[in-house]
Amino acid sequence: MPSFVITEKCDGCKGQDKTACMYICPHDLMKLDMDSMKAWNQEPVQCWECYNCVKICPQQAIEVRCYADFAPLGAACIPMRGTDTIMWTVKFRDGMIKRFKFPIRTIEEGSLSITDGVQDVQVDVSKIKEQGLYTQQAAGVTYPVPA
Amino acid sequence: MPSFVITEKCDGCKGQDKTACMYICPHDLMKLDMDSMKAWNQEPVQCWECYNCVKICPQQAIEVRCYADFAPLGAACIPMRGTDTIMWTVKFRDGMIKRFKFPIRTIEEGSLSITDGVQDVQVDVSKIKEQGLYTQQAAGVTYPVPA
Amino acid sequence: MEPKVNNFEHIEKPEIVVHETDLLLIGGGMAACGTAYEADKWASPQGIRVTMVDKAAVDRSGAVAMGLSAINTYVGENNAADFVKYVRQDLMGITREDLVYDLARWVDDSVHLFEDWGLPVWKKGDDNESLDGHQAAKAGKPSLREGGKPVRSGKWQIMINGESYKVIVGEAGKAGLEANRVATGVEQNLFERVFIIKVLNDKDDPTKVAGAVGFSVRENKLYIFKCKTALLGCGGCVNFFRGRATAEGQGRAWFPVWNSGSNYAMGAEAGAELVLMENRFVPARFKDGYGPVGAWFLLFKAKATNALGEDYCVTNADEARKYYGKYVDAIGTCMRNHMMIIDMKAGKGPIKIHTDVALQTLGETLDKKAMKHLEAEAWEDFLDMSISQAGVWAANNMAPEKVPSELMPSEPYMLGSHAGCAGLWVSGPGDFGPADYFWGYNRMTTVKGLFTAGDGAGASGHKFSSGSHAEGRVAGKSMVAYCMDNPDMPAFAETEDELAAEVFLPMETYAKFSGYTTDPDINPEYIRPVMVQQRLQKIMDEYVGGTSTYYMTSGTMLTEGLSYLEMLKEDEVHMAAEDLHELLRAWENHHRIVAAEAHAQHILFREETRYPGYYYRGDFLAIDDENWKCFTNSTYDKNTREFKVFKRDYHQIIPE
Amino acid sequence: MEPKVNNFEHIEKPEIVVHETDLLLIGGGMAACGTAYEADKWASPQGIRVTMVDKAAVDRSGAVAMGLSAINTYVGENNAADFVKYVRQDLMGITREDLVYDLARWVDDSVHLFEDWGLPVWKKGDDNESLDGHQAAKAGKPSLREGGKPVRSGKWQIMINGESYKVIVGEAGKAGLEANRVATGVEQNLFERVFIIKVLNDKDDPTKVAGAVGFSVRENKLYIFKCKTALLGCGGCVNFFRGRATAEGQGRAWFPVWNSGSNYAMGAEAGAELVLMENRFVPARFKDGYGPVGAWFLLFKAKATNALGEDYCVTNADEARKYYGKYVDAIGTCMRNHMMIIDMKAGKGPIKIHTDVALQTLGETLDKKAMKHLEAEAWEDFLDMSISQAGVWAANNMAPEKVPSELMPSEPYMLGSHAGCAGLWVSGPGDFGPADYFWGYNRMTTVKGLFTAGDGAGASGHKFSSGSHAEGRVAGKSMVAYCMDNPDMPAFAETEDELAAEVFLPMETYAKFSGYTTDPDINPEYIRPVMVQQRLQKIMDEYVGGTSTYYMTSGTMLTEGLSYLEMLKEDEVHMAAEDLHELLRAWENHHRIVAAEAHAQHILFREETRYPGYYYRGDFLAIDDENWKCFTNSTYDKNTREFKVFKRDYHQIIPE
Ligand SMILES: Cc1cc2c(cc1C)N(S(=O)(=O)O)[C@@H]1C(=O)NC(=O)N=C1N2C[C@H](O)[C@H](O)[C@H](O)COP(=O)(O)OP(=O)(O)OC[C@H]1O[C@@H](n2cnc3c(N)ncnc32)[C@H](O)[C@@H]1O
Ligand SMILES: Cc1cc2c(cc1C)N(S(=O)(=O)O)[C@@H]1C(=O)NC(=O)N=C1N2C[C@H](O)[C@H](O)[C@H](O)COP(=O)(O)OP(=O)(O)OC[C@H]1O[C@@H](n2cnc3c(N)ncnc32)[C@H](O)[C@@H]1O
Ligand SMILES: Nc1ncnc2c1ncn2[C@@H]1O[C@H](COP(=O)(O)O)[C@@H](O)[C@H]1O
Ligand SMILES: Nc1ncnc2c1ncn2[C@@H]1O[C@H](COP(=O)(O)O)[C@@H](O)[C@H]1O
Ligand SMILES: Nc1ncnc2c1ncn2[C@@H]1O[C@H](COP(=O)(O)O)[C@@H](O)[C@H]1O
Ligand code: SF4
Ligand code: SF4
Ligand code: SF4
Ligand code: SF4
Ligand code: NA
């Protein structure tokens, strides 16, 4: 199911520096057509269906249509990703709908800390050649070696 | 090796009603671009490499480049079809050249007869349900039946 | 998904051309050109009209479009009964011996005409050397008809310079049409670039033909043909299985990529009985270019071995005999595949054909000039009919006199004229053979007035190019006879508007929906024909014994595959076509789907492995003569889209 | 063909950006994010600079871009020695036990951090039921670090709500980079959308790293990085074998289609020793969508059978034992494949995983609400990491609680972190293990200053996401140590102009020649990257044991395949790229080719079938512990483009 862009819905991310879908696609597939100011998947045959473009599009302009070389027509998986959960609507070929909601994170995006709790230590550079990651060294974990 | 058209050489069959390559391709692949008045193979993945477009092009504008999904680069088979023979130049990847000439017909195109020689007979319609093609019936061939 | 309708809201309605004729020849290949030629002779004096419709240009349409290097059926000094034995054996014991014997009675006449018309035929020279068609003429060698000695590659095969084979046969076929046109005073009786999508039945008698409908791939025109009798001359079925090429090379198949099972699909939809649709041809071919092996094995006497240098047909014979007993010793084409596949599976590849040894051995007794001639012969084989293979040699720096080439069994094809026997169930000649093989008109299907020949006529393989032409002629003569017996013009129920809406639906769909997304290829409202074909190929490959399972299938795999085919059938009505070219692809793929389902249903029905090397039923690995030495026939209900498969008797006519 | 040159006559010369750093992290996946995180802690206080370059956006790059539903390596209550036994067994007896043991010592720390950073981890509820990450928090369940009980699917695996797994790990990695940037005062130390094509060696010491070169896929810029030490963190190798999809679906692979073997190719070209490159992973997956099976087998306790309802791992055990003896009973991942493949070849397919039975069985004791939760869990598994598979269910009207699903072994992948062990030969920790496994810096390759982790580090599979992160951290710490020991900035010989010409050659080629024909795809002067990939995939598939031979190869097939690979290597310099996006594809495919050749050469060298079910040597079908219980290593000469393969000792560290 390569991704596709619904012509009406895409606003080209309002002419911003980089569009959300171009920004996110791990395989460099999404591209903005500068004439129409609409995005498209420039190489559907390389699409992994990771749905990252779908999840990120501010206009909900991107959906995925199952790879036609092996999937029958008519189904869709549609995500709605919030700040801490994701809602999925799964539409079957025969019209049956299933809905699911899953946690995605327990701390808001952009607010995790790498200096809190056990991470709040100063490393001892002189011990760099001893075993142990910095957190483990700090906690004084001792390392087993094989008998 | 789907067919390709050399931009410089194609003259769009001089704007004729139908181009030679479109006329001949058994799989409806050759198409004339009305803007550039140049032809192209509109569906290379369907090309059988029958070379009929190559043989017919009055400008020698069409060649074939071996299917790149399995053939290494650099080779070519180039036909020059005359009225009664065809000349082939086979160019190997490593540059080696082989040339061959084969008969193609013993009677000029457009001049065969279907009423000459044994064909010069009037069928007897009353014998239509008897065995034998018209030539055979006329020649009085008798038919074996299995023992 | 919502059903699609076409009320021509988004595309222009096509011009509707209605053409009335007596004999309608659908296709313009070897068989149909034979029909046109023979029918003219019988029809023209009586004012009976003959019309031909070809999806391409007759000069270069069908399987012989590129040319051929051999005529594989020429009886000559041999006899018809031996031919039957040969064909029966190669087709694993089950064949319509009446049809095969009948064919052997006519075929040479067509070959003689080909030579009359200008086809260069190789001849034996005074020192038994090979002369090409021009050398033979220059040396004053007589024609075959006059007793000239052909260069035989095998008992039934002769060599030709066949680059222009189809141009020549087509010219004669067109001449026949033109003679008929003049005789009957019609304006046009040859329609090229018109693709027929279906045969129309009589409105009162659904078991009778009444016409056909198609469209032009050049102009926005719907063609409706009305006729008394029609010939299905549309060749075999290609590219309904996944091939071995992965991208650009997918158009390279051994058999012509443009023949898309129209014969079988249109025949089935018209109600004609099918036979042995489980049969397929899996030719061993030069790898990737699909160069045929016949001349190499038979003429140049090349040997093929596994990577250890073993002749797999010898080393694997004992293993093969466990399941296939006597069929192994009377070795045929599928059995040779079987023994090759045993080694491929065991990792004893690559399988190679030793062209180098063959040419060097033949060369031992030759002078330089003769050696050059031999080399040219070797190249001509491919340059005449499989140029890609010459390209593969050149691209890999492989000179056939220096290095061997790899062989590979191909993806499956359905055909009725080569070493296979899928097709329509037709009446035999009637002057011999059992009563249940004859129903009035030679080569008529079970639909009244609907005939077929060549790849269309089943249970009688090994006609090849010459036999297809000859069989087309037989059918042509019968069709005229049928016309004489049935002089009324039938009528069909479908209105012109209904037909137009049906044929052009994929274009309306495209025009209506393609703007919904920013890429017309990826659109949830429709499917493009190329993807329908890919889906079909994958289903067939994986569940119906394609290359990727080494041709293995089973009852359970077939059942699974059929459930996927069912959804594909539901989905094909959602095909979208941007232009007439793509509309052609859409309808070709409809034909492929119907033909493919017939294939799967027949394999499911026949609970044995009749054709090891072509396909295997894992659940019934042996040949079971007790229960299955019979024909498997089927009929199709075009409304429910269901096949019914059943047995018909095999009668042996020629004793062992 | 004429060699191609790039003197920027037809394209604009790119801007050249030179960036100097101390630690260069190539890739931004699980491993490299671990490296960035750990390295920051050690490097920043010392002013040592850390730079990351990722071809994509770190938020969603690498294998975890879509998410994951499980963390497959969490030691918890178990111990490191048992982990080594498990991995050794699954990898058929040969593994770097020092690396595996070492990993087990660190891995949980990363998992604990993930949870700190906001990754929802399933926990056991009071009645032993499964709570998702939010329910667990609401129920006040402690974190793993605090003794919370994970929901274990297997002995080593725990369940998570992993849709945002990579976003979270990436955020922490980027936070580490940002802390380092601030500490060292550099302007930029994260380069996204820059594809690295090769590592540069020191001009005086070719066994030492000095930098790397790449280009932006967004702007016309060449990037030259100078560094003291570099990490190869580019993941595994995907789509170098023909997959099972035929068209649109070819981007659907189980492993991430964007990881193209850069780790192995760049490592080899830099002179680093490779290990066990013959190893591959052929996961059994839900057919077509490539949905992973782990949760289904381990958590939901589903059973897989052939079409006859037989457990193929039971019914085929005797046959398997003939060749693989004790390895059959200590059954590992490849052996499970092997027994499945036996049945597939025999036509006993389709193989099905009985999700319906599994869910119904689990449901027997559940109330309606719990049953709904179970159903959600079943769907989440795919919606978290293989959404296509959920799509395949929906498209086929298959509810997993009602019908079973088909399983299929996939095309081969190379990776070092999952159930496979191809990769670079790296130093171990040094505090235990044999001397020949340690050369100074943990996870350093045989090139000085060049480190790797995750999929890049060979002979030590089963790290998975968590282990890759932890191993990246280990490497990060070592890299800082290396930097401290080697404070001088090395230099490389290549000039900026030479590098620019080399990197952009495919674009110059396109600009120069594309107008010669009327279709830029079909041009005799060049080849487009997609066709290079297709050709590579076909060669690998047919000769190096891909799906279409049921993973069978042999010395003779490999030799044949390598001769085709050789021509492909000659041809790849003729690649043409229309734009930066296609330039990316060109270089990805260069990497795939180098990695693929390593794979073929290693398989050719190892004369046994060590991994039945992953591949077979038809000429050496058995496991041969006598001769081959050793590592197979290789080095590559980037000038001659030749591999040299040789043996290295396997030392058992953990007793049986
Ligand atoms: C492709 C090919 C074929 C052969 C061979 C090698 C190769 C590479 N070999 S070797 O391997 O042994 O080398 C043979 C050989 O050397 N010698 C030989 O005698 N025969 C060989 N064949 C077989 C013969 O060619 C074959 O038996 C006959 O051609 C069969 O004749 P026929 O049944 O008439 O089919 P056709 O393909 O010629 O013609 C089909 C026509 O139908 C048209 N058509 C199809 N669908 C249509 C539709 N829906 N509407 C309108 N028109 C619609 C086509 O355009 C065409 O006109
Ligand atoms: C795809 C996938 C993966 C897994 C699973 C299912 C699926 C569907 N399963 S299950 O099957 O068991 O279900 C696992 C699971 O559930 N649990 C688990 O812990 N791990 C699983 N994995 C495995 C792990 O994901 C894997 O072990 C780690 O991610 C490996 O980490 P690492 O070695 O860092 O590779 P990466 O893919 O994360 O990152 C690669 C990075 O390199 C970049 N890159 C690549 N080439 C580059 C170049 N030339 N220049 C610049 N950048 C360049 C990439 O962009 C990326 O940043
Ligand atoms: N090895 C062989 N032995 C006998 N006949 C063959 C062999 N190979 C091909 N033929 C026959 O040669 C003709 C052309 O075959 P092909 O070139 O394979 O289409 C057909 O009649 C085949 O049955
Ligand atoms: N490959 C197969 N696929 C599906 N069913 C099979 C297969 N082989 C055998 N069977 C069926 O399984 C049952 C037991 O077969 P047997 O193997 O003969 O004991 C019979 O009903 C067979 O028809
Ligand atoms: N049938 C099985 N038996 C035991 N372990 C399995 C099985 N299937 C998968 N696994 C393990 O589960 C984890 C995830 O596997 P997968 O989902 O196949 O990637 C890996 O650690 C596998 O080795
Ligand atoms: S993210 Fe959405 S709105 Fe923005 S360019 Fe892409 S498709 Fe259009
Ligand atoms: S689904 Fe993933 S791979 Fe496909 S275009 Fe969107 S982001 Fe790219
Ligand atoms: S036949 Fe030749 S000249 Fe005529 S349109 Fe085709 S390519 Fe151009
Ligand atoms: S080579 Fe043949 S199939 Fe290909 S475009 Fe030319 S005429 Fe058509
Ligand atoms: Na393919």
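Below, read A as the first sequence line, B as the second, and so on, with proteins coming before strands; counting in each chain starts at 1. Just so you know, these numbers use all the heavy atoms, side chains as well, and skip hydrogens, waters and symmetry mates.
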Looking at D:Pro350, D:Gly545, D:Ser548, D:Gly249, which one has more heavy-atom pairs under 4.5 Å with chain C than the rest? D:Pro350
Report which part of C:Glu406 has an atom under 4.5 Å of a heavy atom belonging to chain D: side chain, backbone, both, or neither. side chain
Rounded to the nearest 0.5 Å, what separates atom OG1 in C:Thr556 from atom CG in D:Asn306? 8.5 Å
Contact part of D:Met344 toward chain C, heavy-atom cut-off under 4.5 Å: side chain, backbone, both or neither? backbone
Chain C-proximal positions within residues 562-569 of chain D [heavy-atom distance under 4.5 Å]: D:Tyr564, D:Met567
D:Lys287 and C:Glu560 ion-paired at < 4.0 Å: no
Spacing of OG1 belonging to D:Thr246 relative to CD belonging to C:Gln534, to within rounding of 0.5 Å: 4.0 Å
Heavy-atom closest contact (C:Ser554 atom, D:Gly349 atom, distance): OG-O, 3.7 Å
CZ (C:Arg244) and CZ (D:Arg242) are apart, to the nearest 0.5 Å, by 8.0 Å
Among residues 603-623 of chain D, residues within the sub-4.5 Å heavy-atom range of chain C, in order of number, are D:Gly618
Least distance between heavy atoms, C:Gly347 atom then D:Met552 atom: CA-CG, 3.4 Å
What part of C:Thr549 gets closer than 4.5 Å to chain D, counting heavy atoms only: side chain, backbone, both or neither? both
C:Asp521: partners by salt bridge (charged side-chain N to carboxylate O under 4.0 Å, His left out), with sequence neighbours left out: C:Arg528
Tell me, side chain or backbone of D:Glu542 under 4.5 Å from chain C's heavy atoms, or both, or neither? side chain
How would you list, by chain and number, every residue that makes a side chain to side chain donor-acceptor pair (under 3.5 Å) with C:Lys303, sequence neighbours excluded? none
Side chain from CB out, backbone as N, CA, C, O: work out which of these in D:Met531 comes under 4.5 Å of a heavy atom of chain C, or both, or neither. side chain
Do other residues, nucleotides or ligands put more than 12 heavy atoms under 6.0 Å from D:Tyr323 OH? no
